[in-house]
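Below you'll find the structure, written out as structure tokens, and then a few comments.
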Protein chains: 2
Amino acid sequence: MKTETELKDFIKNGSRMYVPGLTIDCVIFGYHDRQLKVMLGGYKGLGGFGLPGGYVKRTELLSIAAERTVKEKTSLDNLYLEQFYAFGDSPFRTTKVNIHPSIANTWLAERTFSIGYYALVEFSKVSPEPDFLLDSLEWFDVATLPTLLFDHNDVVSKALEHLRINLYHKPIGYNLLEKKFTLPEIHSLYETILDKKLDRRNFPKKLLSLGLIKDTNEVRKIGQHRSPRLYTFDKKNYQTALKEGIVLVI
Amino acid sequence: MKTETELKDFIKNGSRMYVPGLTIDCVIFGYHDRQLKVMLGGYKGLGGFGLPGGYVKRTELLSIAAERTVKEKTSLDNLYLEQFYAFGDSPFRTTKVNIHPSIANTWLAERTFSIGYYALVEFSKVSPEPDFLLDSLEWFDVATLPTLLFDHNDVVSKALEHLRINLYHKPIGYNLLEKKFTLPEIHSLYETILDKKLDRRNFPKKLLSLGLIKDTNEVRKIGQHRSPRLYTFDKKNYQTALKEGIVLVI
DNA sequence: ACAAAAGTGTTGAACTTACACCCATGA
DNA sequence: TCATGGGTGTAAGTTCAACACTTTTGT
């Protein structure tokens, strides 16, 4: 089995290629069925789920390592990726409990700091690719996460918190929604991220008045009710808003 | 000379006590004479100034290490300290140029990531204490920084950027100003941090209407002009605002 | 008396908030 | 025809932005 060999080699020789003691934790957010999702991996042998992550190559820039890690897991290009926090406060990081026997006394058993990056991706475009450390990689609802390995619940919380603050300063959505989307979709996306009800009539006024979205003249036929109109982001205004920042009051 | 021995021991044996490859960079902000200041150290032998920093002890939590580092440099307690970014993208971090001969081939010559924390401190209360790596530690105007060692100019910029965004969500000032301060003082503090003119009449209205500051009935006699009134922060409202966040539109 | 900086209030414009009924669709 | 969810406008209240003259103080 290829990955078996790969894993053994990584445990034995990984520290030649990678910086020891430092990982990147990726919080990959997607949006589907009116739910904010996060991608979690089933870690081999550890009997639990955690954030996908990766090590930084010895001569690799940090942001490049983060990009590479997310790309490997999602098979996506053109990522929206943001560093949000560095972790080294969890007690598990300073005490050697719960070290799996297969890595005891290897470089992987040393205290590890991690740098958190979150990615916003288009759910439907992602093909999850578990790496040799994972035996699965799947989407979970952010609202109903199980208890995760390590301090990964804290990491997800912090990512959400940053995403929330970000939402007030930058437009969000281009990377999470399909090219064309309905008002109810983006409305409930914002509600989900902010965890607060937003007025159904006032919300689109705001986005329209900022020029962030515009009406296509199409509709999407779904279900036994009126067909919602489709909107797209106004690429130019969106980019400007991303660069210069906005103050969103909603 | 004590520090000489200390330095040699640190170079030789430091990696037993400290995590190698990871430092904390401290951006210590103060405010004096209507100028935002940052504390910089003159690094021994490197012929330049840089941010004071420190290593993390092997079993020490990251945030504790940051606190310890700033405390050592400023002799202050009760710090306002915030982690803002992790650095590992600068090319100097991946290539071994500019390694000082005295640390060549030691643990200090390895690639180092750093985690940036900024502190807000009361200028007049600080007694700068250079450690054994520094031969000076002084305040510099943020507006006119020289070229710093490593990527520290980037680190300061990023800290400022975060401080600026923070200002819109949390009250700032309690840690930078003296207990009693004048409106012109806090006004110009905000102008300096945001790098933008704020209306002299509207600005205090905002802080007063949020209940963040209150009038003492004292004045401060300075110079040959009308004496400005003294204000203090309303501790209770300030704390609430810190915890719950505000949306400041100024 | 003069220079320098501090104090103070109002008004029009813009934005935010709250709110309820009709419409289109598929079963 | 009915159930479901989508679409739409207005008025009242609040907040923001712009603006200039008077006061105090020390020299």
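Predicted model only: the values in this text are computed from it and were never measured. A note on names: the letters A, B, ... follow the listed sequences, proteins ahead of strands, and every chain is numbered from 1.
Straight-line distance from the CZ atom of B:F203 to the C1' atom of D:dC19: 19 Å, rounded to whole Å. What separates NZ of B:K206 from C1' of D:dT14 is a distance of 11 Å, to the nearest Å. At whole-Å resolution of the value, CG in A:L198 and P in C:dA18 are 12 Å apart. Spacing between atom NE2 of B:H225 and atom C1' of D:dT25 amounts to 8 Å, rounded to whole angstrom units. The distance from atom NE2 of B:H187 to atom C1' of C:dA5 is 13 Å, rounded to the nearest whole Å. At whole-Å resolution of the value, CG in B:L208 and C1' in D:dT15 are 16 Å apart. In this structure, A:K197 places its NZ atom 16 Å from P of C:dT17, rounding to the nearest Å. One interatomic measurement links the two molecules: CG of A:L230 to C1' of D:dG7, which rounds to 14 Å at whole-angstrom precision.
Within a 6.0 Å sphere centred on NZ of B:K179, other residues, nucleotides and ligands contribute more than 12 heavy atoms. Other residues, nucleotides and ligands contribute over 12 non-hydrogen atoms within 6.0 Å of the OH atom of B:Y231.
Between the B:D234 side chain and the B:N237 main chain, a donor and an acceptor come within less than 3.5 Å of each other. A donor-acceptor pair under 3.5 Å links the side-chain atoms of B:K73 to the main chain of B:G53, judged by distance alone. A:R229 places no side-chain N or O within donor-acceptor distance of the main-chain N or O of A:N217, the cut-off being under 3.5 Å. Of the possible donor and acceptor atoms, one in the side chain of A:E191 sits under 3.5 Å from a partner among the backbone N and O of A:L198. Under the 3.5 Å distance criterion, the side-chain polar atoms of B:D199 are matched with a main-chain donor or acceptor of B:N202. Between the A:H152 side chain and the A:G50 main chain, no donor and acceptor come within less than 3.5 Å of each other.
For DNA chain C, none of the residues of residues 167-174 of chain A falls under the heavy-atom distance limit of 4.0 Å. Within residues 241-250 of chain B, the residues that have a heavy atom under 4.0 Å from DNA chain D are, in order of number, B:V249. Near-neighbour residues of DNA chain C inside residues 216-223 of chain A, defined by a heavy atom below 4.0 Å, number-ordered: A:K221, A:G223.
Evaluation of the side chain to side chain donor-acceptor pair (under 3.5 Å) rule for B:N175 yields no partner, not counting sequence neighbours.
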Exercise. Report the secondary structure of DNA chain C in dot-bracket form, marking unpaired bases with a dot and bases paired to a different strand with |, and treating Watson-Crick or G-U pairs with both distances under 3.5 Å as paired.
Key: |||||||||||||||||||||||||||
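Under the 30°/60° scheme for interplanar angles, the aromatic rings of B:Y118 and B:F29 are found to stand perpendicular. In this pair, B:F150 and B:Y43 present their aromatic rings perpendicular. The plane angle is above 60°, beyond the 30 to 60° band.
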Exercise. Report the C-alpha distance between A:H32 and A:W139 in whole Å, list the side-chain angles of each, state the deciding distance to 0.1 Å, and finish with yes or no for side chain to side chain contact (heavy atoms under 4.5 Å, CB included).
Key: CA-CA 10 Å; A:H32 186 63; A:W139 290 107; over 6 Å; no
Practice problem: Step by step, work out the side chain to side chain contact (heavy atoms under 4.5 Å, CB included) result for A:V249 and A:V247. | Solution: CA-CA 6 Å; A:V249 183; A:V247 179; 4.3 Å; yes
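Remark: the B:Y31 side chain and the B:S188 side chain contain an N/O donor-acceptor pair separated by less than 3.5 Å.
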Is there any protein nitrogen or oxygen under 3.5 Å from a nitrogen or oxygen in nucleotides 8-11 of chain D, and what are the pairs?
unit_1 : atom_1 : unit_2 : atom_2 : d
D:dT10 : O4     : A:K205 : NZ     : 3.0

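For B:K180 and B:F233, the positive end is not near the middle of the six-membered ring at less than 6.0 Å and at most 45° from its axis.
Between B:L145 and B:L40 there is a side-chain heavy-atom pair separated by less than 4.5 Å.
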